[in-house]
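Reminder, nothing fancy here: chain letters follow the sequence lines and each chain counts from 1.
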Amino acid sequence: MDKKPRSLRTLIAVVITLVTLGVLIWGMFFTADYLVLDPKGPVGESQKDLIIISTLLCCIVIVPVLILTAFIVWRYRDKPNRKASYSPNWHDSKVLETVWWGVPILIIIVLAVVTARYTYALEPSKPIDAEQKPVTVQVVSLDWKWLFLYPEENIASVNTLTIPKGVPVRFEISADSPMNSFWIPQLGGQIYAMSGMSMTLYLKADEVGKYFGSGANFTGEHFAQMRFDVNAVEPADYQKWVDKVKGNTGSTLTEASYADLAKPGVMGQTEYSSFPEGLYSKIAYKYVVDGKQNSESSEGTKNEGMPLNTGFGVNGLGEAQPAH
Amino acid sequence: MAQPNTHGHDAHESHGSVKSYVLGFILSIVLTIIPLVIVMNDLMAKTATFIVIMIAAVLQLLVQLLFFMHLRETEKPRWNVMGLVLGIIILVTVVGGSIWIMEVNKIGY
Amino acid sequence: MAQSVAHKGNHSADHDHGHHDPNELKVLGFWFFLISDVILFSVLFATFIVLRHNTAGGPDGKELFELPGVIWETFILLTSSFTSGLATLAMNRGNKKQLIGWLIVTAILGASFVGLEVSEFVKMVNEGAGFSRSAFLSAFFTLVGTHGIHVSVGLCWMIALMIQLGKRGITETTKGKVTLISLYWHFLDVIWIFLLTIVYLMGVM
Amino acid sequence: MLDSIKDFASWFFVTGDPLIYGADVSIVIATIAIFWALTHFKKWGWIWKNWLTTVDHKKIGIMYILAALLMLFRGGVDAIMMRTQIALPGMKFLEPEHYNQVFTTHGTIMILFMAMPLMFGLFNIIIPLQIGARDVAYPFLNALSFWLFFVGAMLFNLSFVIGGSPDAGWTSYPPLSELMHNPGVGQNFYIWGIQISGIGSLATGINFMVTLIKMRAPGMTLMKMPMFSWSVFATCIIIILAFPILTVTLALLFLDRFAGGHFFTLDLGGNPMMYINLFWMWGHPEVYIVVLPAFGIFSEVVATFSRKRIFGYKSMVFALLTISVVSFFTWLHHFFTMGSGADINAFFAITTMIIAIPTGVKIFNWLFTMYRGRITFELPMMWTIAFIPCFVVGGMTGVMLAVAPADFQFHNSYFLIAHFHQVLIGGVVFGYFAGLYYWWPKMFGFILDHKLGVWAFWFWNIGFYVCFMPQYSLGLMGMTRRVSEYSWDTGWGPLNFISTIGALLMGIGFLFQVAQILYSTFKHKKVGNDPWNARTLEWTTASPAPEYNFAVIPHVHSVDDFWEAKERRAKGIADDPMPPIEPIHMPKNSIIPPIMGACWFVAGFGFVFEWWWFYIPGMIGVAICMIARSFSYDTDYYIPVEEVERTEEAIRGSV
Ligand code: HEA
Ligand code: HEA
Ligand SMILES: [Cu+2]
C-alpha cells in the first residue's frame, strides 16, 4: 500500500486508538466465561483435554504454515533490485513433496489414534466409573421447554434440573417435539433428543454449582428459550430438595397437565411432586402402533422386545431396564 | 484426441451381432430363473439365498453391460467405465453406509 | 449472414474442427446421466432397505407381493431389452422398417410392463395398502414407481423417436437418438433386476 | 366474496412487517423500472436476442454471475439483519419467527444461490476458453441449466413476499420441516427452489464433465490441462455423484408433505434420521463442490502473479481427485451426536481428518509456487494471499470438529458457525472474488479499479476476522446457533457486539465493490488480450472473446502453453504459421430454455401451493418443450470465413 509519510500526531492518535481497542478487545476475550474450557465433571474434563490435545497437534503444522506464508509473501514480493532469487521454472521437488505429504499424514495418524481412543472412552452411553449407583433422570424436549422426570423419586421439573454432586447421572433423553440436543457444556458434550427413541448419556458433576444448560439443535420458533439451570448440590441437599418437591403436593403432573405442557409455548421453571407412571416411555414411544415390525431387529440386541415404530429399539426405559 | 472427420463412424457404432444379443438374452433369462426358483421353493437357508440372488443380480448386470450396452467396445480412454466404477462405489457407500448407520442406531442406547 | 445447416448428419464435408463427433459426445454425456441415475436409485434403495420393516402394523412384503405378476413383468422387460437391442442391430444394417418394427415391439412390451405394474399398484391400494399406510409402503411405491415412471418416459421418448424416424429416416442424428434410447432401456432393465431381487424376492423370503 | 378475497390475500401475501412492505414496494418499483427502461430504449429485441435466448457460454456465464452477485447482496442483507438482532441481549429488531426465516434463507441462498451460480458463471466463462474450445459440449443444455437455476432462485426468493419463507434452517431437518410442525408453504418453497435449480446443477455437472473430456484443444492431454480446468473436473465428479442424492431427499420430503408419505415423519414408521443421513451425503460433498473451483482459481492466480510455474502439478491434480472422492466418505461428521455408537463415530472421524492431508498439500504447493517467484500484488493475488491464513485456520478448526468426542462440545455452537464461515468466506468467497477480478477483463475487456478494490479488500478482511473470531469464543462460552435472543446473564453480549461490527465492515467492503464495478464500468480503461501477462489459453483470444472464441483452434504443447509461446516470441522464435480460417460451426439461439424455465416456475409455484391447476399445466409445458426440442433439427449454423475475418479485423483494430 501507499507509503506516504504520516505526521507524528496522526501516528500517535492511531497508536492510542489501537492500544485502547486492543485492551478493550483483550478484556472481552479474556474475561469471558469459557464454559467448555471450565469443566466441572469428568466427561467435560476429558473433552477439554481432547480439545487441547487436538489443537496442539494441529498447530504443529498450522503455525509453521502461517509463518511460512508471511515469510514467503514478504520475501518474494516484486520490487526493484530485490535480492531474493527468482527461478520461474522450478516446479518440482521430490523431497519437499514427501515432507508435506508425510508430516500431515503422521499428525493425522496420531490424531486419529487419540480420537479413536477417546471416542470409545467417551461413548455417551457408557456408565461413569464411580462407587455410587447412578441417579436416573429422564429428559424430554418439549416445544420450547425441558421436562425432567426423576423416576426413582417420582418427581418432575421443568427448565430446572437438580442433581447430586459426585454421583453419576444417567440421563435418558427423548423428545415430544422436533429433534433437539441436550447440552450442559460444563458437565460434558451433548446428545440428540429425538422423538421415538431414547438416548442415554452419563454425566457427573464434581462440584456444587449452578450450571448452564440448553437445547443445541434448532426446534422452531422459541428455540432460544430452551435454556435450563442445572443445580448440582451436595447429596444431602439433593435429598432435601427431593423431599421438598414431594411435599408440595399441590403441584402434580397428570396426564392432562402433561398434555397442556406439551403444547407449544414458553414457560419458566416449575417442579412437580409426582408424575404418572410410565410417562416417559409413553412419550418416547408415542407413535408406535404395534411392535411387530421390530421383532426382527431386536434379535440378540440390548433392546429385546422393545416395540418401536421407527425400528429404533432402546434399552433403559424406566420399567424395563436391563442391568448394565 | 483429434481424429480426422472421416465419414463412416462405423468403428464404434456397429457393435454387437445377433449372435451376441441372443446369447446375452439367454444368459439373462437363466440368471433370472435361478433366483426365482430358489426363492419360490425355499431351496436354501436365508443367508445362502441372499448371497445367491445377489450374485445372480450382479451377473445379470454384467450381462446387460457387456452384451447389450457394449461397455467394452467404446473408444480408448473408457470414461464411461471409469464413471460407472466410481458410481458403483458411491452406490455401495450410499446403500451400505445408510444401512450401517441406521441399523446401529436401531440398537441404540 | 450465417447459413443454416439443417441436417448435420447428412452434411458430408463437415467443416467442424471436429475433434468430436456429436453422437459420441452425446453418448458419453448420456452415460454420465445414467450414472447419476444409478445414484438416484441407490438412494431410493437405501431408503427402502432402511424402512422396510417399518410397516406400522400394516401389511409387509410377504403378505402383499404376488410373485406371478412380478415374474411376468420381469420377463416382459427382459424381452423388451432384447428387442431394443435388435432394433439397434437393424439400424446398423440401415434397415429402417425393421428398426421401427422392433421399436414398436419394444414399446408394446414396455407398455404392458407399465400396465401390469399399475394394475398391481391399484390392487394393493384397494387392499388398503396405499402409499400413506406406512413408511414401508411409501418407500416401496416410491422406489418401484420411480422405475415405472422412467419406463413411461422412455415410452414417450420412443414414440417421438419413431415419428422422427418415419419422417427423416436413419440419419446421423436419429442414429444417435436410437443409440441413446437403447442404452436407457437396457439400463432400466438392470434396475428392474435389482428391484426384483431386493424388493420382491427378499420381501417374500 | 370481498372478505374471502381479503382473507386469501392476507394469507397469500406476507404481511405485517415494515421490512416486507419495503421489499414489496421495491420489487414492484424495480420491475416497473426495468420494463419501462427496456421499452423506452427499445431494448426488448436486444435483450431477447443477445441474452434471454442465448446459448453462448460467455453470456450465460455473465448472467450467472449477475444473479449470484444479487444473491450475495440478498444473503448479505439477511446476515446483517441477523447480526443486528443478536448484537445485544434483548434486542427487539426481528421477531423470533422472522429471525428463523432469515437464517434459513441466508444459509440456503449463500450456498445454493450465491456460491453455486458464481461458480457456474466462472465455469461457463472460462472453461471453454481455457481448453481451447468453441463452446461447451451441450450449449442448449447449458442455457437450460441456467434458466433452471434462475427460476429456482426466483421461486425461493418469492417466499419472502408471498406465502412466507421457510424457517427450519438450511438443513431443513424433519420432523421440524414436516407438515406436523411446519404446515405453511415456506418449506415447499425451500424444496422446489432447490429442486429446480438442483436439476440445473446436475446438468451443468454433466455438461462440463463431457466438455473437459471431449472438447480440449488438440495436443492438450489431460496432464496438460490448466489447474482450474482440473478443479472443475474434480468438482463435476462430485456434482454428478452427489446431486441426485439431494434430488431424491427433497423429493421424499416433498412426498411426505404433499402426498402423505411417511419417510421422515414421526408416525407410521417414518424415520427422520434417514433424512439427516441422506442430506449430509449430499451436503458434505456439496461444500467441496463449492470450494474446489476456488482452489483451481488460486492455482491460476498464484502462478500468474508469482510469474512462476505452478509447483507440483501432478500432486495438485492427485490431491484434487483424492478430495473429490474422499468427500463422499465423511458425511456422518455432521451428526456425531446422533448416537450411532463409537465404531461409526471413530470411522467417520478418521475419514474426515484424512481430507486435511490432500488439502494441506495444495496449500504447500501454492506456497512453494510463490517461493522464488516474483509476486505482484494485483487484486486477484491479494485475495489469494488473504485466503491462505484464513482457510488454513478454518481448516484447522474443521479438523478439531472432526475429533468426534470433542465435537460433542462444539456441535451446533458458534464454534461451528465460525468454522464454516472461515472456510466458506475465506475459501469460497475469497476464491471467487479472486476469480472475478482475475477474469473480469476477459469478460468485459476492462480491468476493475485497483484503488477501490484495495479498500474493499481491507474492509472485507478486517471485517471478517472481527466478525468471526469472536464467534469461536462464543461457541466455547456455550452459545448455540440459531438462537434469536439471549439474556444479559449469559455474558455473550460484548463479543456478539464486536461480531456485528465485523459484519457491517464486510458490508462496507461489499459496497466498495459495487462502487468499484460501477466506477470502472463508466471510466473504463480498455485492455488487450493479456492484461496480467498470464499463462493459459483464455488469454490468447480477445477480451471479451468473440462469439466463436478462437478463429482457429489452438494447438497445445504444454501446461503453460501461452506462457511458453510468449517466451519463444521474446527469444525471437516465430510462431507456427496460422492455419487458414475455416467456417465455424456454432449452435443457434433457442427460445426453449427460457420458456421451459418459465414452465418449471409455474409448476414449482403450483406444487408449493398444491394448486393442481398450476402444476399440471406447468408440467405439461415442460413436456411440450422437451418434445419440441427433440423435434427441432435446425439447431446450428456456420459462420462463414469472411465474417470471421471481419470480426478478427475489428478486434485487432480496436486494440
Ligand atoms: C467450503 C466449505 C467447507 C470446507 C472446505 C470445509 C472443510 C472441512 N470441514 Fe467443514 N463445514 C462446512 C463447510 C466446509 N467445511 C459447513 C457449511 C459446515 C456446517 C453445516 C451446518 O451444520 O450448517 C461444516 C461443518 C463441519 C463439521 C460438522 C461439525 C458439527 O456439525 O458439529 C465438521 C466435523 O468434522 C467439519 C470438518 C471439516 C474438515 C475436517 C474440513 C477439511 O476439509 C479442512 C481441511 C483443511 C485444512 C486442515 C487446512 C490446511 C491443511 C494443512 C495446512 C495441512 C496440515 C493440517 C493438519 C495436519 C491439521 N466441518
Ligand atoms: C457461502 C456461504 C455464506 C456466506 C458468504 C455467509 C456470509 C455471512 N454470514 Fe453466514 N451462514 C451460512 C453461509 C454463509 N454465510 C450458512 C450456510 C449458515 C447456516 C444457516 C442455518 O443455520 O441454517 C450461516 C449462518 C450464519 C449465522 C448464524 C445464524 C444463527 O445460527 O443464528 C451468522 C451469524 O452471525 C452468519 C453471519 C454471516 C455474515 C455476517 C456474513 C457476511 O460475510 C456477509 C457480508 C455482508 C454482505 C455481503 C452484505 C452487503 C449488504 C449491504 C452492504 C447492505 C447493507 C444493508 C443493510 C444493513 C440492511 N451466518
Ligand atoms: Cu462436512
Heavy-atom distance under 4.5 Å between the side chains of Y192(A) and H411(D), does that happen here? yes

Applying a strict 4.5 Å limit to non-hydrogen atoms, the region of Y118(A) in contact with chain D is both

Part of R75(A) within contact of chain D (heavy atom distance under 4.5 Å): neither

Please flag which part of D143(A) lies under 4.5 Å from any non-hydrogen atom of chain D: side chain, backbone, both or neither. side chain

For the residue pair W90(A) and Y371(D), categorise the inter-ring angle as parallel (less than 30°), tilted (30 to 60°) or perpendicular (more than 60°). tilted

Which region of S93(A), side chain (C-beta onward) or backbone (N, CA, C, O), has a non-hydrogen atom less than 4.5 Å from a non-hydrogen atom of chain D, or is it both or neither? both

Let's go through V483(D) and F218(A) carefully: what are the C-alpha distance in whole Å and the side-chain angles of both, what is the deciding distance for side-chain contact (heavy atoms from CB on, under 4.5 Å) to 0.1 Å, and is it a yes or a no? CA-CA 8 Å; V483(D) 290; F218(A) 183 61; over 6 Å; no

Within residues 181-190 of chain A, residues adjacent to chain D where the heavy-atom gap is under 4.5 Å: W183(A), P185(A), G188(A), G189(A), Q190(A)

In terms of heavy-atom proximity below 4.5 Å to chain D, should S85(A) be classed as side chain, backbone, both, or neither? both

I want to check something: taking the side chain as every heavy atom from C-beta on, are I357(D) and W101(A) in contact at a cut-off of under 4.5 Å? yes

Parallel, tilted or perpendicular, judged at 30° and 60°: which one describes the rings of W492(D) and F212(A)? perpendicular

Best-contacting candidate, V43(A), I105(A), V114(A), I107(A), against chain D by heavy atom pairs under 4.5 angstrom: I105(A)

I need the residue from N89(A), V99(A), V61(A), T55(A) with the largest number of non-hydrogen atom pairs under 4.5 Å to chain D. T55(A)

Residue part contacting chain A, namely of F364(D), when any heavy atom lies under 4.5 Å: both

Heavy-atom distances under 4.5 Å only: say whether L66(A) touches chain D with side chain, backbone, both or neither. side chain

Specify which of G491(D), G169(D), S315(D) makes the most heavy-atom pairs with chain A at under 4.5 Å. S315(D)

Where on L96(A) is there a heavy atom nearer than 4.5 Å to chain D: the side chain, the backbone, both, or neither? side chain

Under the side-chain contact (heavy atoms from CB on, under 4.5 Å) criterion, do Y76(A) and M370(D) qualify, and how do the steps go? CA-CA 7 Å; Y76(A) 294 100; M370(D) 293 192 267; 5.7 Å; no

Given heavy-atom pairs under 4.5 angstrom as the criterion, report whether the side chain, backbone, both or neither of E221(A) touches chain D. both

